[in-house]
Amino acid sequence: MDNQVPLKNSHTLQPISSVDDEISLIDIVKVLVIHWRWLCGIAVAIITATLIVAFVKPDTYNFVSIYQLAKRSWSDFIEPPEAVVQKANRVYLPQVSRKFTEQYQLNDLPFKVSFQVLKDTGLIMISTDAHLSETDKVKEFHKVIVDKIHVSQTEMVDQASRSMKQQLLSGRKMLEQVEGNSQSAKTMELLMAVSSLENQLNELQPGVIIETATQSLKPKGISKVVLIIIGCLLAIMFGMFGAFTVELVNRVRLNLSLAT
């Protein structure tokens, strides 16, 4: 009778006998316990990388400037909002960008600037996403852009005001000449024209700078806490995947050795 040598390890790799073998929950736990070094090593590596990224990566904040366009009346703007945005994109932005890059000796702007019309409000929003280290540059850049828009709007308002005042002055002079005559129809027409010009002049509203590079209260994107939670979940998942991969490799090697 042959002597049988007892196995030293409680966990012995069994050759793969059938593709229909079922894996129980106990088998899964045994694999994780046996290959705990792989599980912990992969998990620790991923969590460490996540912490480094979370605390080293700078936060990105949104900076917003808002300008209220000048109005001829409550519903009529001195210049169409879409035209202001086109002018800002094609004229002001390239001009300021060139001066800015020359001043700070940059190859390109370290941030992007976008313009948007807030529908049915006459508000122009200038938006930039940037790191806190670039706060001063963003504020300076926004101020120059907003000032250019404000100067253009102010010039249009002054021009419209001067034109209305000249028309109003001419209308009043004509009204004085007609008042001595008996042409009542002409007098009423001039009175209505003068009254309309006075109303238009009173309704004329200049543009207003509402905000300049106001920083958002919270950073954009995924917060550090959420990033760490996602990293921990991925660490557990890839750690378990690594443990099962090692187990699979060991069993394949065993079957290959038995086959030869």
Side-chain angles (χ1 to χ4, degrees), residues 53-54 56-165 199-224 226-227:
V53 171
V56 172
K57 182 179 177 294
D59 291 328
T60 300
Y61 287 83
N62 182 243
F63 296 84
V64 174
S65 297
I66 298 178
Y67 186 83
Q68 174 66 64
L69 296 178
K71 297 181 179 181
R72 295 183 186 276
S73 63
W74 69 273
S75 60
D76 183 21
F77 299 102
I78 201 80
E79 184 180 13
E82 293 77 12
V84 176
V85 170
Q86 289 294 327
K87 187 191 297 183
N89 271 315
R90 298 184 180 183
V91 180
Y92 301 150
L93 184 58
Q95 289 177 351
V96 179
S97 297
R98 282 194 296 269
K99 293 181 179 179
F100 198 82
T101 52
E102 291 174 0
Q103 178 182 351
Y104 290 98
Q105 298 179 350
L106 301 171
N107 294 326
D108 197 4
L109 284 178
F111 46 80
K112 292 184 178 181
V113 181
S114 62
F115 301 88
Q116 180 183 358
V117 179
L118 301 184
K119 189 177 180 181
D120 299 331
T121 62
L123 296 174
I124 302 297
M125 185 174 72
I126 307 169
S127 179
T128 297
D129 294 335
H131 305 315
L132 286 178
S133 59
E134 300 166 343
T135 299
D136 293 338
K137 291 184 177 65
V138 172
K139 289 185 176 182
E140 179 183 351
F141 195 94
H142 275 222
K143 185 178 185 305
V144 176
I145 292 288
V146 171
D147 286 345
K148 283 183 172 293
I149 295 176
H150 185 63
V151 168
S152 175
Q153 291 282 295
T154 302
E155 289 176 353
M156 289 185 177
V157 170
D158 291 343
Q159 184 178 358
S161 178
R162 287 194 299 269
S163 176
M164 290 180 186
K165 287 179 180 178
N199 291 334
Q200 291 179 27
L201 188 61
N202 291 331
E203 290 179 353
L204 199 61
Q205 299 177 11
V208 179
I209 300 174
I210 298 178
E211 291 182 5
T212 303
T214 301
Q215 179 183 326
S216 59
L217 297 177
K218 296 181 179 179
K220 291 192 65 179
I222 301 175
S223 67
K224 292 180 179 180
V226 174
L227 184 60

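Numbering starts at 1 and runs along the sequence shown.
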Gln86 atom CD, neighbour heavy-atom count above 12 within 6.0 Å: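 More than 12 within 6.0 Å, yes.
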
Enclosure of Ile222 CD1 (heavy-atom neighbours >12, cutoff 6.0 Å):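 Open: at most 12 neighbouring heavy atoms sit under 6.0 Å from CD1 of Ile222.
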
Identify the heavy atoms of [X] and [Y] that sit nearest to each other, and give their distance.
{"X": "Leu69", "Y": "Pro81", "value": "CD1-CA, 3.6 Å"}
{"X": "Gly207", "Y": "Ala70", "value": "N-CB, 3.5 Å"}
{"X": "Val157", "Y": "Gln205", "value": "CG2-O, 4.1 Å"}

Full working for side chain to side chain contact (heavy atoms under 4.5 Å, CB included) between Ser127 and Asn62: CA-CA 7 Å; Ser127 179; Asn62 182 243; 2.9 Å; yes

Can any side-chain N or O of [X] pair as donor or acceptor with the backbone N or O of [Y] at less than 3.5 Å?
{"X": "Thr212", "Y": "Ser65", "answer": "no"}
{"X": "Thr101", "Y": "Ser97", "answer": "yes"}
{"X": "Gln68", "Y": "Val208", "answer": "no"}
{"X": "Thr121", "Y": "Leu118", "answer": "yes"}

Flag side-chain contact, heavy atom, 4.5 Å: Leu109 against Lys137: no

Student check: side-chain heavy atoms of Val138 and His142 closer than 4.5 Å: yes

From CA spacing to verdict: side chain to side chain contact (heavy atoms under 4.5 Å, CB included), Glu203, Lys71: CA-CA 8 Å; Glu203 290 179 353; Lys71 297 181 179 181; over 6 Å; no

Lys/Arg-Asp/Glu bridge criterion (N-O < 4.0 Å) met for Asp147, Lys143: yes

Ile126/Ile149 under side chain to side chain contact (heavy atoms under 4.5 Å, CB included): CA gap, chis, key distance, verdict: CA-CA 11 Å; Ile126 307 169; Ile149 295 176; 4.3 Å; yes

Phe100: ring pair (Phe, Tyr, Trp, His ring centres under 6.0 Å) partners, not counting sequence neighbours: Tyr104, Phe141

Stepwise side chain to side chain contact (heavy atoms under 4.5 Å, CB included) test for Phe63 and Thr135: CA-CA 9 Å; Phe63 296 84; Thr135 299; 3.7 Å; yes

